[in-house]
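These numbers come from a predicted model, not from an experiment. Heavy-atom basis, side chains included; hydrogens, waters and symmetry copies ignored.
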Amino acid sequence: MNFETAEFDNYSVITAKVDKLNASNAPELKSVLVKINNDSVNNMIIDLSATKYCDSSGLTAILTANRLCKNGSGQFILCGLNDAVKKMIAIAQLDRVFTIVDNLPEAQIKINA
């Protein structure tokens, strides 16, 4: 499986286990996100520490998480971005839309605040 999930009291962490988040695996991420949301989880963290590249399909999947959380009055946090992924998100001006932190522990503190 390309995406690992961990459930906590009030949120889920989705950890990408892929080098590239692209059209070949973005649908899998979307289905993971929808399943989590269907289980009444409205707070999500996506950790992209292992991901070195993200294309528009990957960004669309990440936007899905953001939308699902907002629609459920929850929080969405993105963490572990390397420079190439940060740049792609900035080019798409999604750095204005997403809550982005450096690492998973920081994201867990923020989501519990």
Q: Which atom pairs, donor and acceptor, lie under 3.5 Å between side-chain atoms of residues 17-25 and protein residues at least two apart or in another chain?
A:
from : atom 1 : to  : atom 2 : distance (Å)
N22  : OD1    : S24 : N      : 3.1
N22  : OD1    : S24 : OG     : 2.6
N25  : OD1    : N22 : N      : 3.0
N25  : ND2    : K20 : O      : 2.8

Q: Per the salt bridge (Lys or Arg N to Asp or Glu O under 4.0 Å) rule, what does the pair list look like for residues 52-81, sequence neighbours excluded?
A: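 Passing the test, one end in residues 52-81: no pairs.
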
Q: Sort and list the pairs that fulfil ring pair (Phe, Tyr, Trp, His ring centres under 6.0 Å) and have at least one residue in residues 12-52, not counting sequence neighbours.
A: none

Q: Would you call C79 and L104 a side-chain contact if the rule is heavy atoms closer than 4.5 Å?
A: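 Of all side-chain heavy-atom pairs linking L104 with C79, at least one is under 4.5 Å.
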
Q: I need the L29 CG to I62 CD1 distance, nearest 0.5 Å.
A: 7.0 Å

Q: So does A16 get a backbone contact from the side chain of E4, meaning a donor-acceptor N/O pair under 3.5 Å?
A: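 Judged by distance alone, no pair lies under 3.5 Å.
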
Q: Tell me the ring pair (Phe, Tyr, Trp, His ring centres under 6.0 Å) pairs involving residues 64-88, sequence neighbours left out?
A: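 Those involving residues 64-88 are F76-F98.
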
Q: Which pairs pass ring pair (Phe, Tyr, Trp, His ring centres under 6.0 Å) with one or both residues in residues 27-56, sequence neighbours excluded?
A: none

Q: For the hydrophobic clusters of this structure (ILVMFWY residues joined by side-chain heavy atoms under 4.5 Å, transitively), does one cluster hold both V32 and L59?
A: yes

Q: Could you state the interatomic distance from OG1 (T5) to CD1 (I46), rounded to the nearest 0.5 Å?
A: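 Going from the OG1 atom of T5 to the CD1 atom of I46 covers 11.5 Å.
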
Q: Run the side-chain hydrogen bond (donor to acceptor under 3.5 Å, both in side chains) test against S12 and tell me which residues pass, sequence neighbours left out.
A: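 Applying side-chain hydrogen bond (donor to acceptor under 3.5 Å, both in side chains) to S12 gives E7.
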
Q: Transitively linked via ILVMFWY side-chain contacts under 4.5 Å: L81 with V97?
A: yes

Q: For residues 96-110, pull every pair meeting salt bridge (Lys or Arg N to Asp or Glu O under 4.0 Å), keeping only residues two or more places apart or in separate chains.
A: none

Q: Using side-chain heavy atoms (C-beta onward) and a distance below 4.5 Å, is M44 in contact with C69?
A: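 Yes. Closest side-chain heavy atoms under 4.5 Å.
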
Q: Out of curiosity, L78 CG to L48 CG, how far, rounded to the nearest 0.5 Å?
A: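 Going from CG on L78 over to CG on L48, the span is 5.0 Å.
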
Q: Please report the interatomic distance CG(L68) to NZ(K30), rounded to the nearest 0.5 Å.
A: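 Atom-to-atom, L68:CG and K30:NZ are 10.5 Å apart.
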
Q: Decide yes or no on side-chain contact (heavy atoms from CB on, under 4.5 Å) for I77 and N43, but give the supporting numbers first.
A: CA-CA 8 Å; I77 300 175; N43 298 310; over 6 Å; no

Q: Going by the rule ring-ring contact (aromatic ring centres under 6.0 Å, His included), which residues pair with F8 if we only count those two or more places apart in sequence or in a different chain?
A: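 For F8, the residues satisfying ring-ring contact (aromatic ring centres under 6.0 Å, His included) (neighbours in sequence not counted) are Y11.
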
Q: If the condition is side-chain hydrogen bond (donor to acceptor under 3.5 Å, both in side chains), which residues does S31 pass it with, not counting sequence neighbours?
A: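 S31 satisfies side-chain hydrogen bond (donor to acceptor under 3.5 Å, both in side chains) with no residue once adjacent residues are dropped.
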
Q: Excluding sequence neighbours, so at least two apart, what forms side-chain contact (heavy atoms from CB on, under 4.5 Å) with A26?
A: S57, A61

Q: Side-chain atoms of residues 33-42: list all donor-acceptor pairs with protein atoms under 3.5 Å, sequence neighbours left out, distances to 0.1 Å.
A:
from : atom 1 : to  : atom 2 : distance (Å)
K35  : NZ     : D39 : OD2    : 3.2
N37  : ND2    : V41 : O      : 3.4
N37  : ND2    : N42 : OD1    : 3.3
N38  : ND2    : V34 : O      : 3.4
N42  : ND2    : G72 : O      : 3.3

Q: Do the side chains of V101 and I14 join up, straight or via other hydrophobic residues, at under 4.5 Å, putting them in one cluster?
A: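 Hydrophobic grouping puts V101 apart from I14.
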
Q: Quick one: side chains of residues 83-94, donor-acceptor pairs under 3.5 Å with protein atoms, not counting sequence neighbours, listed by atom name and distance.
A:
none

